[in-house]
2 protein chains.
Amino acid sequence: MTALIIDDEIQIRRLLRMALEAKGYTVREADKGQLGLQEAVFHKPDVILLDLGLPDMDGVEVLKRLREWSSVPVLILSVRDQESVKLAAFEAGADDYVCKPFSTAELMARLSAIQRRHGAHDETSLQAGPLVLDPVHHEAHLNGQPLKLTPTEYALLAQLVRHAGKVVTLKQLLRAVWGPQAEEQSHYLRVYANHLRKKLEGSSLEIKNEPGIGYRLEEG
Amino acid sequence: MTALIIDDEIQIRRLLRMALEAKGYTVREADKGQLGLQEAVFHKPDVILLDLGLPDMDGVEVLKRLREWSSVPVLILSVRDQESVKLAAFEAGADDYVCKPFSTAELMARLSAIQRRHGAHDETSLQAGPLVLDPVHHEAHLNGQPLKLTPTEYALLAQLVRHAGKVVTLKQLLRAVWGPQAEEQSHYLRVYANHLRKKLEGSSLEIKNEPGIGYRLEEG
DNA sequence: TCGGGTTTTAACGCTTTTTTGACGCCTCAA
DNA sequence: TTGAGGCGTCAAAAAAGCGTTAAAACCCGA
């Protein structure tokens, strides 16, 4: 997951970089519009944070040029709260518009929202209730405590967390964890669901079974 | 294009209705959460404007219930500018969050933005009146409530929903659900039609029999 | 080669689902 | 009026799926 920040103020870039890296993003920066467009072309970020007040060209212009070839989600940052500017930005294809000064937490939430819509699942921090998975390091934390998982256990749990609350079919799980040739080996799931249930014991999470269909991670 | 407004203040509803109709939307209204959810089930709006301060239930709760079976774009309206509320709303699956009082033009622009994103990838879901089937998760929802179905029940109902309103012949149903070698076992259908009728009881849907021909799912 | 952790396989009793069989109703035609 | 065929209903029998446990096979670093 790569995020591109296009902003001329170094303080803002630092702040955003910290927040984004905490969420697991790889961050790239640009302090000018031209440079930002180049970055977008060469590094294909998964999301762009674009300031409207750039020294070399107008932010809306940057957005228009970008939209000629890319549909990457773009969140606009701006000091200007003028309605005409906002409308122009949305017209040009912005996904959201946030005024400075902004709340970092809200910004991250809005980022997730537009990425969710874009279809590219926000894989930076898999989370379901008190359970947090770190896809990069294959680590898990439950209620802040480290949770030891074998690779197979992790893979299965990750799959369940990705669709937390919803049923994931037996085939989907088996394909994702053991590969397509294991689609019929549903006894694997019984064994590993059992392992995970023991490790999730005492938390608010439950792995429920829908007979003949699949499994579901549920928060009680 | 249909928009659903869920808000208890009639002035707000009037204002939004005018703005939306000017944009060419068909508008539906609800002044309570329960009613809003029902509207969403029956009329499948293309976008929802949801006020958080409803008299009967919390707006975030409405959103959660909605998200159990629908991925329609939702824009939150709220008088509250608290960060925690915003975060909860985004967490629950909101697409945007606007504080009252709002600019109508900006609201329309934001609406366009989230709808633009939504149009990108359409989900495949079977529907017949108040019944929604999700083929990916093998889940069913009736009037927004989860409906528990066994694999065979699901397969049969899916077949009926695919041809909702039309007669499906005995052979077609048996082939689709039990396989070609079961074409003569019309007995199965009587048993399972019975199961489904019980589960659909109280809804507007009926499974009707055409003697000697087949079955038909009808909305009354 | 050994030892540990991990994955796979196997076996048991249990629950849920599917199949089967039985019975009574209704309709239609002889 | 009566009997045959299709239908709805119920419930028991059979099958399939599940949870659990433990042992066997596997893998990898020491």
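- A salt bridge links B:Arg67 with B:Asp95; the closest basic N to acidic carboxylate O contact falls under 4.0 Å.
- Less than 4.0 Å separates DNA chain D from at least one heavy atom of each of the following residues of residues 194-205 of chain B: B:Asn194, B:Arg197, B:Lys198.
- If you check C:dA10, D:dG19, C:dT7 against the side chain of A:Asn209, the one that comes closest is D:dG19.
- Listed nucleotides: C:dT18, C:dT17, C:dT7. Nearest to the side chain of B:Tyr192: C:dT18.
- Note on B:Asp8 versus B:Arg13: no salt bridge recorded, every NZ/NE/NH1/NH2 to OD/OE distance being 4.0 Å or above.
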Which protein N or O atoms sit under 3.5 Å from an N or O of nucleotides 25-30 of chain D?
none

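- By the 4.5 Å heavy-atom criterion applied to side chains, A:Ile12 and A:Lys100 are counted as neighbours.
- B:Leu156 places its CG atom 13 Å from the C1' atom of C:dT18, with the value rounded to the nearest Å.
- Side-chain proximity of A:Tyr215 to the nucleotides C:dT17, D:dT21, D:dC18 is greatest for D:dC18.
- Taking 4.0 Å as the cut-off between side-chain N and carboxylate O, B:Glu68 and B:Lys64 do not count as a salt-bridged pair.
- Looking at every heavy atom in both residues, A:Asp46 comes nearest to A:Met1 through OD2-CA, 3.3 Å.
- Residue B:Arg190 has its side chain nearest to D:dG8 when only C:dT18, C:dT16, D:dG8 are considered.
- Contacts between residues 165-189 of chain A and DNA chain D, defined by a heavy-atom separation under 4.0 Å, are absent.
- With salt bridges taken as basic N to acidic carboxylate O contacts below 4.0 Å, none links B:Lys32 and B:Asp56.
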